[in-house]
Amino acid sequence: EALHQIGERLFTGNPAVCASFYAIELDDERSVELHERYDPLGWNILGPASAYGCNLGTGYSLAYVNPPFDHSMHQGYYGTADREEQQFLRMATHALAPDGILLYVVPGHIISGPSSRDSVRELLHAYYDRLAMLPFPPAVRQYDEVFIFGVRRKTALVGPDAPKLS
C-alpha cells in the first residue's frame, strides 16, 4: 500500500517520471499483484527478484526501503557480516544521490539497540542529515516497526571509526 500511495502522489500522470520509477519485490505472489497493477502505468517492477541481484545504479532522489526483518548475521553483498536491514540500508545509500530522501522501515530495536561499528544507527548518522523517527501506529505495529526519514549527505562523516558503505 505504501508503494501505491507514494506512486500516486508523486508519479502517476507523468510518463517521464514513471520511466525512472523502480520497485523490487522479493515475494512471488506480491510481485504478480504489483505487475498486474502497475505495469499498465509504466512503472518498472522488478520481481520476483533478489535485491542483491538488481543493479539499479546510482543517482536516485527517493528510496523507500522496507527490508525483510532478519535476526541472523550473515555475509552480505558488500562483504560485511550484517543483519539484512543493514545490507539493504547500504544498498539504498549507495543508490541515493546526495540530498536524496530515505524512507526506511525497520524494527525499532535496530535503532535503539546496542551500538557496534557499522550498526544501522551509525550508518544513518554517517550518511544522512535531518534524521527523524516515527513509530508505526500501534494497530499495525506488529514487529515494533518505525519509519526513519533522512536526507543523504553530500559527504559522509569521516574519521577512524566512521562506517563505510563497502
Side-chain angles (χ1 to χ4, degrees), residues 1-97 99-111 119-120 123-124 127-128 131-152 165-166:
E1 190 58 33
L3 178 66
H4 179 74
Q5 290 178 7
I6 291 169
E8 273 198 342
R9 288 183 177 58
L10 298 177
F11 306 121
T12 302
N14 186 340
V17 175
C18 287
S20 64
F21 184 77
Y22 290 85
I24 301 169
E25 178 53 61
L26 309 178
D27 182 79
D28 292 343
E29 289 179 27
R30 285 192 308 255
S31 176
V32 170
E33 292 171 17
L34 289 175
H35 278 290
E36 289 172 354
R37 189 172 186 179
Y38 299 117
D39 284 353
L41 299 176
W43 296 9
N44 300 290
I45 306 298
L46 308 176
S50 163
Y52 303 114
C54 297
N55 181 0
L56 298 177
T58 61
Y60 288 88
S61 57
L62 175 73
Y64 172 74
V65 183
N66 187 357
F69 302 157
D70 181 11
H71 297 287
S72 61
M73 300 288 281
H74 45 83
Q75 194 68 18
Y77 182 78
Y78 288 99
T80 57
D82 293 334
R83 289 179 55 108
E84 197 79 17
E85 298 92 341
Q86 286 172 283
Q87 294 174 34
F88 273 68
L89 176 59
R90 289 176 193 279
M91 286 187 296
T93 301
H94 179 74
L96 274 174
D99 294 323
I101 298 169
L102 175 71
L103 307 173
Y104 185 49
V105 178
V106 290
H109 70 272
I110 298 297
I111 304 303
S119 72
V120 168
L123 285 167
L124 287 167
Y127 290 93
Y128 293 90
L131 286 164
M133 182 170 73
L134 179 68
F136 274 36
V140 294
R141 198 170 186 208
Q142 181 178 358
Y143 301 106
D144 188 37
E145 298 100 319
V146 295
F147 244 128
I148 304 293
F149 302 89
V151 178
R152 177 77 153 86
L165 281 182
S166 57

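Between the CZ atom of Arg152 and the OG1 atom of Thr93 there is a distance of 6.0 Å, given to the nearest 0.5 Å. Interatomic distance, Tyr127 OH to Arg90 CZ, rounded to the nearest 0.5 Å: 8.0 Å. A distance of 10.5 Å separates CD1 of Ile148 from CD1 of Ile110, quoted to the nearest 0.5 Å. Note that CD of Glu84 is 11.5 Å distant from CZ of Phe69, once rounded to the nearest 0.5 Å. Here CZ of Phe88 is found 9.0 Å from CG of Asn66. Values are rounded to the nearest 0.5 Å. Taken to the nearest 0.5 Å, the CD atom of Glu85 stands 9.5 Å off from the CD1 atom of Ile111.
Not counting sequence neighbours, Asp39 has no partner by the salt bridge (charged side-chain N to carboxylate O under 4.0 Å, His left out) test. Asp144 is linked by a salt bridge (charged side-chain N to carboxylate O under 4.0 Å, His left out) to Arg141, counting only residues two or more places apart in sequence or in another chain. Scored by the side-chain contact (heavy atoms from CB on, under 4.5 Å) test, Ile101 finds Leu62, Leu103 as partners (sequence neighbours excluded). By the side-chain hydrogen bond (donor to acceptor under 3.5 Å, both in side chains) test, Asp99 is found to be paired with Lys154, residues two or more places apart in sequence or in another chain being considered. Remark: Tyr104 pairs with no residue by the side-chain hydrogen bond (donor to acceptor under 3.5 Å, both in side chains) rule, at least two apart or across chains. Every residue meeting the ring-ring contact (aromatic ring centres under 6.0 Å, His included) condition with Phe147, not counting sequence neighbours, appears here in chain and number order: Phe136, Phe149.
Contact of the Val106 side chain with the Leu89 side chain is not registered, since no non-hydrogen atoms from C-beta on lie closer than 4.5 Å.
Annotation for Val105 and Pro67: closest pair O-CD, 3.3 Å, computed over non-hydrogen atoms. The heavy-atom pair separating Ala92 from Leu102 by the smallest distance is CB-CD1, 4.3 Å.
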